[in-house]
Amino acid sequence: MEQHRTRSPQPAPRRDKPPRPPVPPQAGRAAAGGVVRSARPERIPQRRKGPQARPHPQGRPGPQGRSRPVPERRPGPGRSAAQVVRRMPNPRLTGLGGGLFCALVMLTLGLLDAALFDSQTAYGVLFLPVAALTAVWVRRVDLLTAPVVVPIAFAVGLVPLVDGDGTGGQLMGMVTGLATQAGWLYGGTLIAGVIVLVRRVRMIRRRNARNRSQG
């Protein structure tokens, strides 16, 4: 008898199944009974319509969004002088303080003039800026005291420049010095009076403008 060879049954070829996508952790928590918060939808940036000019820090935007350079302004002589005046010290002296300031400064200048030049004309020239500073630095309430204390300070500073023996000689020298230097004395007093008058007028205008704005 012929023996039939039986072939061992071969297993059927397996078809590879596609891999399952990984389960996100939120789905796993949902399956386990946890509460999952819905993720916030991402905001889609909106596109701006039309070209817009961007501000330029060093220039002004032009009609097509281009910046044009700003011309630099150089300070003129008037502005530089105003800046120099603003940077100067600006004290506010009372009537007594202004008188003491002017008298001490003129006495110091008189001593220096007697030691170096011994000239009453130089003393008179130096008196003009001191009188102007006294009128500028005195406070508004005591403006009228500036033209009064200025000639007194001139007489105080003139003492070291006077020549004479004894008290009578000193007095006669003072009278002579004031008579010969009367032009500088009147000039300094006039400068102080004009400055005080200008400051007084400006103060009255500011007060009237303030009253009009409040009323």
Side-chain angles (χ1 to χ4, degrees), residues 74-213:
R74 298 181 179 179
R79 294 183 180 179
S80 60
Q83 292 178 358
V84 171
V85 172
R86 290 178 181 177
R87 292 178 182 177
M88 292 180 60
N90 190 18
R92 285 291 172 256
L93 302 175
T94 60
L96 180 60
L100 291 176
F101 164 77
C102 190
L104 290 176
V105 173
M106 293 309 302
L107 182 60
T108 304
L109 293 177
L111 292 173
L112 292 176
D113 188 11
L116 298 177
F117 308 106
D118 195 12
S119 172
Q120 295 184 358
T121 304
Y123 174 79
V125 174
L126 295 174
F127 171 68
L128 300 180
V130 176
L133 288 177
T134 304
V136 170
W137 285 349
V138 72
R139 63 182 185 177
R140 298 176 182 176
V141 182
D142 301 325
L143 280 177
L144 299 179
T145 60
V148 177
V149 300
V150 163
I152 299 175
F154 183 87
V156 171
L158 192 62
V159 173
L161 297 172
V162 172
D163 297 331
D165 298 333
T167 305
Q170 290 287 335
L171 291 177
M172 290 299 297
M174 282 289 298
V175 173
T176 304
L178 291 175
T180 55
Q181 304 299 324
W184 300 111
L185 175 61
Y186 292 151
T189 307
L190 181 62
I191 290 174
V194 171
I195 293 175
V196 167
L197 182 62
V198 172
R199 291 186 61 188
R200 184 72 176 178
V201 171
R202 291 181 61 184
M203 184 177 64
I204 293 174
R205 288 183 178 179
R206 290 179 181 177
R207 186 183 303 172
N208 294 338
R210 190 180 304 171
N211 294 336
R212 291 176 184 176
S213 62

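Hydrogens, waters and symmetry mates play no part in the numbers below; they use all other heavy atoms, side chains included. Numbers for residues simply follow the sequence, beginning at 1. Worth saying up front: this structure is predicted, and the values here are computed from it rather than measured.
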Could you pull out every donor-acceptor pair under 3.5 Å between side chains of residues 169-184 and any protein atom, sequence neighbours left out?
from: Gln170; atom 1: NE2; to: Gly164; atom 2: O; distance (Å): 3.2
from: Thr176; atom 1: OG1; to: Met172; atom 2: O; distance (Å): 2.8
from: Thr180; atom 1: OG1; to: Thr176; atom 2: O; distance (Å): 3.0
from: Thr180; atom 1: OG1; to: Gly177; atom 2: O; distance (Å): 3.1
from: Gln181; atom 1: OE1; to: Trp184; atom 2: NE1; distance (Å): 3.4

Below 3.5 Å, can you tabulate the donor-acceptor pairs from side chains in residues 188-204 to any protein atom, sequence neighbours excluded?
from: Thr189; atom 1: OG1; to: Leu185; atom 2: O; distance (Å): 2.8
from: Arg199; atom 1: NH1; to: Ala135; atom 2: O; distance (Å): 2.9
from: Arg199; atom 1: NH1; to: Val136; atom 2: O; distance (Å): 2.8
from: Arg199; atom 1: NH1; to: Val138; atom 2: O; distance (Å): 2.7
from: Arg199; atom 1: NH2; to: Val138; atom 2: O; distance (Å): 3.1

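For the pair Asp113 and Asp118, the minimum side-chain heavy-atom distance is 4.5 Å or more. Contact check for Ile152 versus Cys102: no side-chain heavy atoms found under the 4.5 Å cut-off.
Between the CZ atom in Arg140 and the CZ atom in Arg207 there is a gap of 9.5 Å [rounded to 0.5 Å]. Remark: Arg92 CZ to Asp142 CG distance equals 11.5 Å, nearest 0.5 Å. Between the CG atom of Leu111 and the CG atom of Leu161 there is a distance of 8.5 Å, given to the nearest 0.5 Å.
Ring orientation note: the planes of Phe154 and Tyr123 are tilted relative to one another, at an angle of 30° to 60°.
Here the closest heavy-atom approach between residue Leu107 and residue Pro160 is recorded as CD1-CG, 4.0 Å.
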